[in-house]
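Scroll down for the structure; my scribbles are underneath it.
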Amino acid sequence: MNLSTPRPQADTGAAPDWDRVRQDFPLLMREVHGKPLVYFDNANTGQKPVQVIGAVDEFYRRYNANVSRAVHALGTEATDAYEGARTKLARFLNVRASELVLCSGTTFALNLVAYSWALPRLKAGDVILVSRMEHHANIVPWQLVAERTGASVRVAEISPDGSLDLDALRRAMTAEVKLLAVAHVSNVLGTVNPVREICREARKRGIITVVDGSQAVPHRKVDVAAIGCDFYAITGHKMCGPTGTGALWARREHLDAMPPFLGGGEMIKEVSFEGTVFNEAPHKFEAGTPNIAGFIGLGVAVDYLESLGLAHVEAREAELLAHFTEELQKIDGLRIFGTAPDKAAVVSFLVEGAHAHDLATLLDLEGVAIRSGQHCAHPLLQYYGVAATCRASLAFYNTHEEIERFIVALNKVRKLLG
Ligand code: PMP
């Protein structure tokens with residue numbers, strides 16, 4: 001196992017040796033129910049390379065201290081590493097570090113926009129536009145804000161193949177719409193939305209845009225500045241980083257105009273009982289002790305992904321998706337939800353006569369981990385008129401051989417249920 005951070009490799013260079021890359025992920029070597037694990041639940045959370053695990057371990061062994069408080073050596077080392085992670089993440093997304101709020105994940109990031117940007121601004125008659133394919137994290141905060149302000153939530157519909165209906169979306173961008181919230185990549189369908197074009201249309205109409213990038217950043221090069229949105233949310237645990245890490249990027253003008261969401265230590269310049277002077281953004285939004293070890297790990301996850309090259313990651317996953325889809329299409333009675341032309345390696349499906357949970361439970365006994373259920377996207381499943389689907393989601397460290405094992409296991413459990 002290679003504990004050091006891999007040597008950075010230009011995206012234009014040779015593709016990594018994927019068999020060797022897989023060796024970086026110790027968890028993938030384990031067995032489940034006596035069978036070699038096939039981990040196809042990457043849209044839920046991704047596995048961690050030894051480089052990330054090692055960075056977290058090293059922090060606690062060598063320089064655990066709180067950030068931005070202590071003047072001693074450990075405090076300085078911890079603060080440098082934590083702020084270094086912010087810098088790396090900002091470079092990775094092509095944004096300024098001073099505009100990147102570190103937080104626990106996309107759920108927190110979207111709630112921060114809802115409570116700190118939308119709540120003080122929206123009023124009765126205003127509309128928040130969301131797409132049909134959003135994760136609950138990009139629906140429920142807007143409903144909560146709508147309830148408190150008298151605004152309403154409008155839905156932009158999708159087409160049966162799982163792509164956004166862009167004409168309908170444009171038509172829905174009426175003068176009442178103040179905010180548009182859309183996923184970059186759907187966690188259920190894999191659909192990659194043309195967020196650059198969507199944000200351009202919204203901007204022309206003065207609509208603020210919030211992009212949920214949770215399922216995009218682990219799988220392709222994302223240039224947030226080029227997208228032209230107002231807010232972009234990410235989560236660390238799906239991009240090889242530790243759980244409880246994520247970030248919100250926002251334009252400086254928004255960050256300066258937004259009141260703090262949580263109050264406490266770290267987010268202030270001066271406190272007296274007469275009043276408090278807040279710190280500058282992004283620190284203004286980072287009250288309390290953060291997940292220091294987690295962010296240090298996330299910084300190493302960024303190094304790791306960059307060392308592979310995001311273009312190589314994207315190509316590898318596209319190749320796995322093509323193979324996987326081809327094999328699934330050979331199975332009688334199997335229906336795939338989401339066949340948009342541009343899609344990530346996420347496949348939701350159902351097999352005639354078999355309940356999604358039964359399939360997932362029996363597949364687990366074969367060592368295969370997939371998700372079944374509604375994938376935190378009830379309105380999307382309502383659109384398709386199904387109560388649940390199975391979802392298999394692949395990452396660059398998965399293999400063609402695992403796809404074959406998956407198909408053998410699926411055929412076996414299908415017969416048991418049939
Ligand atoms: N949005 C999407 C599209 C997601 O897939 C997820 C995670 N399933 C989230 C938001 C929420 O992310 P987190 O739980 O890490 O905050």
Side-chain angles (χ1 to χ4, degrees), residues 39-48 52 89 101-115 130-144 156 158 162-164 180-193 195 198 209-220 222 224 227 229 231-249 261-262 285 290-291 294-295 297-298 301 317 337-338 340 342-348 369-381 388-395:
Y39 186 77
F40 280 3
D41 196 19
N42 294 286
N44 210 352
T45 196
Q47 298 305 342
K48 321 301 173 200
V52 170
L89 193 56
V101 179
L102 300 183
C103 61
S104 62
T106 296
T107 303
F108 188 98
L110 295 172
N111 276 277
L112 174 55
V113 184
Y115 283 96
V130 301
S131 95
R132 165 70 66 178
M133 70 177 83
E134 297 312 308
H135 185 281
H136 294 161
N138 208 15
I139 298 175
V140 182
W142 309 121
Q143 289 177 327
L144 291 169
I158 59 171
S163 49
L164 255 182
L180 164 67
V182 67
H184 194 163
V185 175
S186 159
N187 66 310
V188 181
L189 307 165
T191 309
V192 181
N193 287 318
V195 284
I198 292 169
T209 46
V210 183
V211 179
D212 173 355
S214 316
Q215 299 286 351
V217 287
H219 306 295
R220 46 178 63 198
V222 173
V224 173
I227 292 170
C229 53
F231 297 97
Y232 196 92
I234 67 156
T235 198
H237 68 94
K238 297 184 206 282
M239 51 179 283
C240 298
T243 51
T245 63
L248 174 73
W249 171 80
F261 179 37
L262 298 175
F285 300 104
N291 181 359
F295 282 104
L298 183 59
E317 292 179 359
F337 298 83
D342 192 5
K343 70 172 274 185
V346 176
V347 185
S348 281
I370 61 163
R371 187 162 171 198
S372 59
Q374 305 197 325
H375 320 296
C376 300
H378 289 185
L380 179 61
L381 270 73
T389 69
C390 291
R391 180 187 69 186
S393 47
L394 281 60

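Atoms within a ligand are numbered from 1 in the order they appear, just like the ligands themselves.
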Ignoring hydrogens and geometry, is there a side-chain-to-backbone donor-acceptor pair from His136 to His378 under 3.5 Å? yes

When you look for protein heavy atoms under 4.0 Å from ligand 1, which residues do they belong to? Gly105, Thr106, Thr107, His135, Ala137, Asn187, Asp212, Ser214, Gln215, Thr235, His237, Lys238

Can you sort out the partners of Ala395 under side chain to side chain contact (heavy atoms under 4.5 Å, CB included), two or more places apart, ordered by chain and number? Asn42, Glu317, Tyr397, Asn398

Restricting to side chain to side chain donor-acceptor pair (under 3.5 Å), what partner residues turn up for Thr191, sequence neighbours left out? none

Can you label the angle between the Phe261 ring and the Tyr115 ring as parallel, tilted or perpendicular, going by 30° and 60°? parallel

Enumerate the side-chain hydrogen bond (donor to acceptor under 3.5 Å, both in side chains) contacts for residues 235-248, please, sequence neighbours excluded, ordered by first and then second residue. Thr45-His237

In Val185, Val224, Leu89, Val222, the residue satisfying side-chain contact (heavy atoms from CB on, under 4.5 Å) with Val217 is Val222

